[in-house]
Amino acid sequence: MTSRHGAAHAILAFAMSLQWDFSTVADRLGEALAAAEAELRLEQAVYGLDVRDERALHALLAERLSSSYEVAREVHYPSSKGRKLTHRPRCDLVLTPKGRPLVLDRAAPTLFDLPRAGAPPPCEPSDALWLEVKVAYQFREGGRRHSGYGAQWRQAVVEDLRKMEADALIREAGLVLIVFNESADILQKDLQLFEDVLARKEVLAGFRQVRSVPITERIGHRLCTAAVWPTLQR
């Protein structure tokens with residue numbers, strides 16, 4: 001790992017709060033994928049998790065994580081408030097503590113939005129965990145190698161991380177990369193290459209948390225992995 005990225009890790013360890021434990025978040029993501037894979041095996045399903053597109057996997061993770069957190073999907077970045085909706089970037093998943101849904105800015109609050117007496121207050125964006133979730137596939141349906149596998153790790157992901165870094169109202173954020181590939185050896189090599197890309201692009205990210213689940217091989221993938229990096233807000 002480059003010295004620049006090592007320095008970023010040191011800065012991040014100091015700057016990140018202890019409100020969100022990324023190891024626990026990674027555990028919950030790994031459990032979600034493992035449970036979904038177990039259900040497919042029990043059903044003897046013809047198609048696996050690796051044929052689902054990114055939006056379908058977002059929905060799966062949101063549903064499974066809802067047992068541990070409040071989960072909001074496709075949430076507008078808070079600092080973009082006031083722009084036209086079509087010009088407002090959105091974050092894939094936002095987690096808040098159970099029982100404290102995220103305060104959304106889609107419309108002015110009404111009396112019905114006020115918390116009940118004794119209930120915990122809703123969660124402000126600055127206290128939530130904002131997650132960009134991307135998916136990389138080594139193979140396409142039919143077993144053909146995915147020509148864009150390497151690109152899936154780079155440009156779009158870096159741009160999303162930069163959006164999060166630049167939002168002054170986001171204090172806690174991270175990247176979740178769901179990877180489908182054929183082996184743990186390839187995974188480790190690709191994770192290291194991706195971190196090198198982050199360092200070259202000067203995106204500050206902390207130590208990764210990785211949870212892998214063996215999956216039934218249907219199109220070439222034998223492993224499904226959730227890799228999670230905390231990001232440092234500038």
Legend entry - Sub-4.5 Å side-chain heavy-atom contact between Val51 and Phe180: no
Inset, instruction - Indicate, with yes or no, if Ile219 and Val135 share a hydrophobic cluster defined by side-chain heavy-atom contacts under 4.5 Å among Ile, Leu, Val, Met, Phe, Trp and Tyr. - result: no
Inset, instruction - Ignoring hydrogens and angles, tell me if any N or O in the side chain of Arg28 forms a donor-acceptor pair with the backbone of Ser68 under 3.5 Å. - result: no
Inset, instruction - Tell me, with the steps shown, if Glu74 and Arg90 meet side chain to side chain contact (heavy atoms under 4.5 Å, CB included). - result: CA-CA 5 Å; Glu74 296 292 323; Arg90 292 180 292 183; 3.5 Å; yes
Legend entry - Spatial distance of atom CG (Asp53) from atom OH (Tyr137) [nearest 0.5 Å]: 6.0 Å
Legend entry - Sub-4.5 Å side-chain heavy-atom contact between Leu193 and Leu191: no
Legend entry - Spacing of Leu223 atom CG and Glu217 atom CD [to the nearest 0.5 Å]: 12.5 Å
Legend entry - Test of ring centre spacing under 6.0 Å for His221 and Phe139: yes
Legend entry - Polar side-chain atom of Gln209 near backbone of Val228 as donor-acceptor pair, under 3.5 Å: no
Legend entry - Arg208/Glu195 ion pair, N-O < 4.0 Å: yes
Inset, instruction - Spell out, yes or no, whether Leu61 and Phe22 are grouped together once hydrophobic residues are joined by side-chain heavy atoms under 4.5 Å, including indirect joins. - result: yes
Inset, instruction - Indicate yes or no: does Arg145 engage Glu182 in a salt bridge with an N to O separation below 4.0 Å. - result: yes
Inset, instruction - Decide whether Val179 and Val210 are clustered together by the hydrophobic rule: side chain heavy atoms of Ile, Leu, Val, Met, Phe, Trp, Tyr closer than 4.5 Å, transitively. - result: yes
Legend entry - Sidechain-backbone polar pair: Arg222 side chain, Ala184 backbone, donor-acceptor under 3.5 Å: no
Legend entry - Geometric class of the Tyr69/Trp20 ring pair [parallel <30°, tilted 30-60°, perpendicular >60°]: tilted
Legend entry - Any Leu95 side-chain heavy atom under 4.5 Å of Leu131 side chain: yes
Legend entry - Ile215 and Asp50, any side-chain heavy atoms less than 4.5 Å apart: yes
Inset, instruction - Evaluate the side-chain proximity of Leu177 to Thr225: yes if any heavy-atom separation is below 4.5 Å, no if none is. - result: no
Legend entry - Main-chain N/O of Asp127 paired with Glu124 side-chain donor or acceptor, under 3.5 Å: no
Legend entry - Residue pair Val25 / Leu129, side-chain heavy-atom distance below 4.5 Å: yes
Inset, instruction - Give, for atom OG of Ser183 and atom NZ of Lys189, the distance between the pair rounded to the nearest 0.5 Å. - result: 8.5 Å
Legend entry - Sidechain-backbone polar pair: Asp92 side chain, Val133 backbone, donor-acceptor under 3.5 Å: yes
Inset, instruction - Verify the neighbour count for atom CZ of Arg41: are there more than 12 heavy atoms of other residues, nucleotides or ligands below 6.0 Å? - result: yes
Legend entry - Minimum-distance pair of heavy atoms, taken over all atoms of Ala128 and Val94: CB-CG1, 3.6 Å
Legend entry - 4.5 Å side-chain heavy-atom contact, Val71 and Leu93: yes
Legend entry - Pro121 side chain reached by Arg100 side chain, heavy atoms, under 4.5 Å: yes
